[in-house]
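Notes for the one structure printed next.
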Amino acid sequence: MENKVYGFVGLGNMGGPMAARLMAAGHALQVFDPNAAAVSEAVGRGAVAQPSPRAVGDACDVVFLSLPDGKVVQAVAGGTDGLAGASRARTVVDLSTIGPEAARGAFATLAASGIVYVDAPISGGVGGAVKGTLAVMVAAPRALYDELLPVLQTFGTGFYMGEEAGLAQVMKLANNLLSATAVAITAEAMAMGVKSGLDARTMIDVINAGSGRNSATVDKFPKAVLTGTFDVGFAAKLAHKDVRLCLAEAEAIGVPMMVGSAVREMLVATIAVCGPRADYSDVARVVEDWAGTKIRG
Ligand code: NAD
């Protein structure tokens with residue numbers, strides 16, 4: 001993939017920094033996003049703005065997607081001015097979290113136009129996107145994975161999940177179920193501790209030196225809850241989408257998820273109380289309000 005031309009559709013919280021890393025690694029980039037501010041940021045780093053996903057696909061060999069959900073991926077793949085009609089692109093690498101069913105749908109839409117859809121969701125947050133330390137889970141033909149690996153390593157570490165589109169989504173949903181559960185249960189444990197008189201910072205230090213350590217206590221709570229900034233940079237509505245997709249997949253194949261269902265309802269409550277722009281860490285704000293305490297350090 002050394003001499004390939006790359007494109008990027010979706011320059012949001014994750015796509016913006018990943019596109020910036022590709023350009024910093026010396027790749028010229030063709031980009032599209034309906035958000036003009038996101039496009040001008042990328043153009044400022046040397047990207048070429050295109051008027052549609054199809055125009056991006058006409059101008060490059062491999063198109064990366066970082067989009068909110070399966071509906072948007074389907075529109076970008078097969079809608080009017082979608083990638084399916086592009087003259088040049090033969091590979092679409094979807095870094096979005098959309099669930100296995102939507103991934104299989106996007107695969108079929110693009111396969112009908114001779115384009116290979118690579119299911120490649122990521123984990124590691126905005127910080128990981130900026131630093132290039134994401135986990136990139138990939139389902140694709142093995143030879144294509146091997147070919148793409150050097151460019152995927154611009155974003156972080158690649159993990160091969162298998163050939164069939166959707167498998168990497170299942171991996172991602174399992175991961176995000178754990179991540180969301182950690183946020184919700186950490187909020188409950190921390191609220192109990194501070195309301196009883198413990199110091200929040202000391203609690204985090206003890207948990208991180210002990211068996212309660214998790215991704216919320218190591219990263220999200222110290223950065224966004226103890227500080228009161230509530231700005232993890234991952235929307236609660238996207239976390240809700242992930243847990244909802246996870247529960248749908250589990251139900252479809254007969255895996256009960258009692259704990260996962262409670263976590264989904266915590267995210268529903270967070271969006272209901274804090275609004276559609278709520279941050280992932282706002283789950284803790286809701287628990288704080290219910291408990292009548294503040295988790296600060
Ligand atoms: P975001 O909302 O910040 O970015 C999405 C971008 O897509 C926006 O810039 C938006 O303008 C653009 N977009 C919307 N409709 C479009 C269209 N029709 N055509 C082209 N672009 C369009 O979201 P994000 O946080 O960057 O997440 C992107 C994906 O990555 C999601 O699937 C999310 O679940 C996943 N993800 C996010 C994180 C995180 O921490 N933020 C971590 C891992 C995975």
Side-chain angles (χ1 to χ4, degrees), residues 7-21 30-43 47 49-57 63-84 86 92-100 102-103 106 119-138 155-156 168-169 171-180 182-183 215-216 219-220 223-224 231-246 267 276-282:
F8 216 110
V9 176
L11 302 163
N13 288 333
M14 298 298 282
M18 284 191 286
R21 288 194 64 82
Q30 308 284 322
V31 299
F32 171 74
D33 192 301
N35 178 348
V39 172
S40 57
E41 154 97 34
V43 168
Q50 294 290 350
S52 68
R54 179 173 303 180
V56 171
V63 182
F64 293 97
L65 310 181
S66 178
L67 298 167
D69 57 34
K71 263 193 196 152
V72 177
V73 168
Q74 190 55 43
V76 163
T80 321
D81 283 334
L83 286 163
V92 169
V93 181
D94 187 7
L95 305 155
S96 326
T97 307
I98 63 173
D119 171 22
I122 49 179
S123 181
V126 175
V130 172
K131 286 183 271 169
T133 58
L134 297 170
V136 189
M137 299 150 259
V138 186
F155 308 137
Q169 290 293 326
M171 180 66 245
K172 166 69 180 169
L173 296 182
N175 178 79
N176 279 31
L177 174 69
L178 291 173
S179 166
V183 169
S215 57
D219 182 39
K220 298 177 187 83
K223 281 192 195 141
D231 60 350
V232 162
F234 183 44
K237 74 167 189 251
L238 290 182
H240 170 253
K241 170 200 67 174
D242 295 346
V243 176
R244 182 172 51 74
L245 289 170
C246 182
L267 288 161
R277 298 176 67 85
D279 186 76
Y280 202 15
S281 56
D282 279 320

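Residue numbers count from 1 along this sequence. Remember, it's 1-based here, ligands and their atoms both numbered in the order they're listed. Side-chain atoms are counted along with the backbone in the values below, which use heavy atoms only and exclude waters and symmetry mates. All values derive from a computational prediction rather than experimental measurement.
Side-chain atoms of Ser40 come within 3.5 Å of backbone N or O of Ala36 as a donor-acceptor pair. Panel note: side chain Asn176, backbone Leu173; no donor-acceptor pair is recorded below 3.5 Å. Of the possible polar contacts, one joining the Asp279 side chain to the Gly233 backbone as a donor-acceptor pair under 3.5 Å is found. The closest donor-acceptor contact from the side chain of Gln169 to the backbone of Ser96 lies under 3.5 Å. Checking side-chain atoms of Lys241 against main-chain N and O of Asp69 turns up no donor-acceptor pair under 3.5 Å. Arg54 places no side-chain N or O within donor-acceptor distance of the main-chain N or O of Ala84, the cut-off being under 3.5 Å. Judged by distance alone, with hydrogens and angles left aside, the side-chain atoms of Asp33 form no donor-acceptor pair with the main-chain N or O of Ala38 at under 3.5 Å.
Atom 39 (C) of ligand 1 has Phe234 CD1, 3.2 Å as its closest protein atom, hydrogens excluded (heavy atom only). Closest to atom 28 (C) of ligand 1, if we only count protein heavy atoms, is Ser66 OG, 3.6 Å. Atom 18 (N) of ligand 1 has Val72 CG1, 3.6 Å as its closest protein atom, hydrogens excluded (heavy atom only). Looking at atom 23 (O) of ligand 1, its nearest protein heavy atom turns out to be Leu238 CD1, 3.7 Å. Remark: minimum distance from atom 26 (O) of ligand 1 to any protein heavy atom is reached at Met14 N, 2.8 Å.
Checked against side chain to side chain contact (heavy atoms under 4.5 Å, CB included), Ala106 has the following partners two or more places apart in sequence or in another chain: Val73, Gln74, Tyr117. By the ring pair (Phe, Tyr, Trp, His ring centres under 6.0 Å) test, Phe32 is found to be paired with no residue, residues two or more places apart in sequence or in another chain being considered.
Nearest to atom 29 (C) of ligand 1 by heavy atom, out of Leu65, Leu67, Val56, is Leu67. Among Gly12, Pro68, Ala135, the residue whose heavy atom lies closest to atom 7 (O) of ligand 1 is Pro68. Heavy-atom proximity to atom 13 (N) of ligand 1, evaluated over Ala75, Pro34, Gly15, is greatest for Pro34. Of the candidates Lys71, Lys237, Gln74, Lys241, Lys241 brings a heavy atom nearest to atom 34 (O) of ligand 1.
Applying the 4.0 Å criterion to heavy atoms of Asn35 picks out, from ligand 1, the atoms 11 (O). Listed by number with element, the atoms of ligand 1 under 4.0 angstrom from any heavy atom of Ile122 are 43 (C), 44 (C). Atoms of ligand 1 found under 4.0 Å from any heavy atom of Ser96 (numbered from 1 in listed order, with element): 32 (O). Taking every heavy atom of Gly233 and a limit of under 4.0 angstrom, the matching atoms of ligand 1 come to 41 (N). Remark: ligand 1 atoms within the under-4.0 Å shell around heavy atoms of Val9 are 20 (C). Every atom of ligand 1 with a heavy atom of Gly125 under 4.0 Å away is listed here by number and element: 40 (O). Of all atoms in ligand 1, numbered sequentially from 1 with element shown, those under 4.0 Å from a heavy atom of Lys172 are 43 (C), 44 (C).
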### Query
Glu41 and Leu11: side-chain contact (heavy atoms from CB on, under 4.5 Å), yes or no, with the steps?
CA-CA 9 Å; Glu41 154 97 34; Leu11 302 163; over 6 Å; no

### side-chain contact (heavy atoms from CB on, under 4.5 Å) between Val39 and Val43, intermediate numbers included
CA-CA 6 Å; Val39 172; Val43 168; 4.0 Å; yes

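In terms of polar-atom proximity, Phe32 is not counted as a contact of ligand 1, lacking any N or O under 3.5 Å from an N or O of the ligand. Annotation: Asp69 places no N or O atom under 3.5 Å from an N or O atom of ligand 1; distance criterion only. Between Asp33 and ligand 1, at least one pair of N/O atoms sits closer than 3.5 Å.
By the criterion of a heavy-atom distance under 4.0 Å, the side chain of Val76, and not its backbone, is placed next to ligand 1. With a 4.0 Å cut-off on non-hydrogen atoms, Thr97 touches ligand 1 through its backbone as well as its side chain.
Shown are Asp94, Leu95, Val76, Ile98; of these, the side-chain contact (heavy atoms from CB on, under 4.5 Å) with Leu67 is made only by Val76.
Distance check for atom 2 (O) of ligand 1: every protein heavy atom is found at 4.0 Å or beyond.
Residues Tyr280 and Lys220 approach most closely at CE2-CE, 3.5 Å, considering heavy atoms.
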